[in-house]
Amino acid sequence: MGDVLPVSQQPFLYQSANWVWLKREFSAWCELHGYQYVETPVVEELELFKRTSGETSDIVGKEMYLVKRSSGEAGGDDATLALRPEGSAGVCRAVVEHGLAKNAAGLKFYYIAPMFRSERPQRGRYRQHTQMGAEIFKEASAAADVEMIAMLAGFYNRIGLGDITVKINSVGDAECRPRYREKLIQFLEILRDQMSEDSRNRMHANPMRALDSKDDNDKRLFADAPTILDHLNQDCADHFEEVKQGLAKLGIAFEVNPRLVRGLDYYTKTAFEFECNTLDGAIKVIGGGGRYDGLVAQLGGPSTPGVGFGTSIERTLLALESQKIAIPAFPTPRVLVAYMDSGVKYDAFRIAEDFRAEDIHTDFLYQAKNLGKQMKHAAEQGVEYVVMVGGEEWERGEVRVKNFKTQEQSDIPKESAVHYVRGRMAGKL
RNA sequence: GCGGGCGUAGCUCAGUUGGUUAGAGCACAGGAUUGUGAUUCCUGGGGUCGGGGGUUCAAGUCCCCUCGCCCGCCCCA
């Protein structure tokens, strides 16, 4: 990502008002569903990600930023730490470390946090991206999967994003997936010499991903490949069935894609992705997630089911931009308190504080040479009222209040200026 | 990680076969206008020409390296 600044010439993606708004919307939506905020460190033990994401995954294999310990620390110069490439592993680690899975039921967490992957950056794909995610622990029921999908769909809907396609799949579990995997490798072996080099390299490390090849010839070759959905055991099949039925009952449209695979090895049963059709192919996926029933146990905790999702702020903003969805700008001041000369500057300052104490967004210039400058500033900021301090009326204990829209102005006792303006503003509504 | 394109003022860009002190528009600041903004006129501040090295009497311009952004892959969010 680049610098996120309150500058209107910045690209939409990097305007800070957009970020503030999106994060607030997400927090509010999660809290409405009973999720509570968590934060975990950016830097974790490298081993955590190796163990959870899978040694053969691209993320661990070539996209992780490695961090050396300081030379004074035990462990010396070895790069045994890493910048987190994804969010779930750290949250699971915290759940295990604090024994959270042992006592509370229905743990529901959300987070908004930067993730790091060492790749060649391009539009919609950054070395640092910010993920908004949620996780549910200790819930094996398919209803939890349904809530995750419904919640993310509801979030996009809440922020006005349309043209979203929900794709779901089941990737099986530790029992049925290896069986399918063997069968798939057998199928691919026969085509070995005809497939693309990329697919040949992938077929043993991650055969399910090979099926997802973009090569036209591969697509044709793999058309009749066995699918995971035909090889699920009873438990996984029942679970998937309930997810589909649950989504249907909630009126959430979805497509089943038996070739959908996620980039991390720890997923079990449900996997899902959200595509935004107004974005280009490569960056269409703006969010995704799935179930990870083995993850907590893998980290040394009690056997604890979990399901989660993540969505990228960057891609979500690109999606909002592609649909020309207006995001509220930062609020601008409604009142400017101006002063005639520096002798009354702090009197004006105090009056500005009176307005702010009444929750009226009020501006004040620290060093204004003359009233003209302050008027110009008021115009640029689009304020509704200017309160002028100084001159004859100030001697009488009054301030001059100017309605910037109508040009009308009148002198008001200084202690009732706030109530005067507030009354006018309220009357206008 | 692989292949390609682009980096000149805050922004959009110009800059000839290498040749004085790198320009324009917009934006910004000051003044005309010391109790009232939008027009106009005048003046001004701003640049490591992405960075480093090389060739040359001379480099924004040519060569090499590097960083950043963008595009296509791999992969992902």
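Everything numeric here is computed off the predicted structure, so don't read it as measured data. Proteins get letters first, then strands, A, B, ... in listed order; numbering begins at 1 in each.
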Practice problem: Decide yes or no, distance alone: a donor-acceptor N/O pair under 3.5 angstrom between the base of B:C76 and the side-chain of A:Arg209. | Solution: no
Self-check item: P gap between B:C28 and B:G10, integer Å
Solution: 15 Å
Quiz item: Considering only the P atoms, how many Å lie between B:G25 and B:U40, rounded to the nearest integer?
Solution: 14 Å
Practice problem: Please state how far atom CG in A:Leu371 lies from atom C1' in B:G37, giving the value in whole angstrom units. | Solution: 10 Å
Self-check item: Atom C1', compared across B:G18 and B:U56: separation rounded to whole Å
Solution: 9 Å
Quiz item: Between atom CZ in A:Arg127 and atom P in B:G68, what is the gap in whole Å?
Solution: 5 Å
Quiz prompt | Nearest-angstrom distance, P atom, B:G72 to B:C64 | solution = 27 Å
Quiz prompt | Length of the CD-P vector between A:Gln122 and B:G3, whole Å | solution = 15 Å
Quiz item: Rounding to a whole Å, what distance do you find between A:Asp280:CG and B:C71:P?
Solution: 8 Å
Quiz item: Does A:Tyr37 have its ring centroid less than 6.0 Å away from the ring centroid of A:Phe109?
Solution: no
Practice problem: Can you measure from CG (A:Leu229) to CG (A:Asn169) and round to the nearest 0.5 angstrom? | Solution: 5.0 Å
Quiz item: Hey, would you say the A:Tyr339 and A:Tyr346 ring centroids sit under 6.0 Å apart?
Solution: no
Practice problem: Using a heavy-atom cut-off of under 4.0 Å over every strand shown, decide if A:Glu392 touches base, sugar-phosphate, or nothing. | Solution: base
Exercise. Measure from the ring centre of A:His129 to the centre of the six-membered ring in the base of B:A77, then say whether that distance is under 5.5 Å and the planes meet at under 30°.
Key: yes
Quiz item: What does A:Lys402 touch in the nucleic acid at a heavy-atom separation under 4.0 angstrom: a base, only the sugar-phosphate, or nothing?
Solution: base
Self-check item: Ring centroid separation A:Tyr385 to A:Phe404 under 6.0 Å
Solution: no
Exercise. With RNA chain B as reference, determine whether A:Ala379 or A:Gln128 sits nearer its 5' end, using the nearest nucleotide of each.
Key: A:Ala379
Quiz item: Which part of the nucleic acid, if any, lies within reach of A:Gly287 when heavy atoms closer than 4.0 Å are counted: base, sugar-phosphate only, or nothing?
Solution: sugar-phosphate
Quiz item: Looking at A:Glu384 and A:Arg334, does any basic side-chain N land under 4.0 Å from a carboxylate oxygen?
Solution: yes
Quiz item: Atom NZ of A:Lys369 and atom C1' of B:G37: how far apart are they, to the nearest Å?
Solution: 17 Å
Quiz item: What is the distance from CD of A:Glu197 to P of B:C73, rounded to the nearest Å?
Solution: 17 Å
Quiz item: For the side chain of A:Glu393 and the base of B:G35, is some donor closer than 3.5 Å to an acceptor across the two?
Solution: yes
Exercise. Would you indicate which nucleotide in B:C71, B:A77, B:G35 comes nearest to any side-chain atom of A:Arg123?
Key: B:C71
Quiz item: Between A:Tyr266 and A:Tyr292, how do the two ring planes meet: parallel, tilted or perpendicular, split at 30° and 60°?
Solution: perpendicular
Quiz item: Is there a donor N/O on one and an acceptor N/O on the other, under 3.5 Å, for the side chain of A:Gln374 and the base of B:U36?
Solution: no
Quiz item: Expressed as a whole number of Å, how far does the C1' atom of B:U48 sit from that of B:G60?
Solution: 13 Å
Quiz item: What integer distance in Å separates A:Lys376:NZ from B:G30:C1'?
Solution: 10 Å
Self-check item: Separation of B:U34 P from A:Met375 CE (nearest whole Å)
Solution: 14 Å
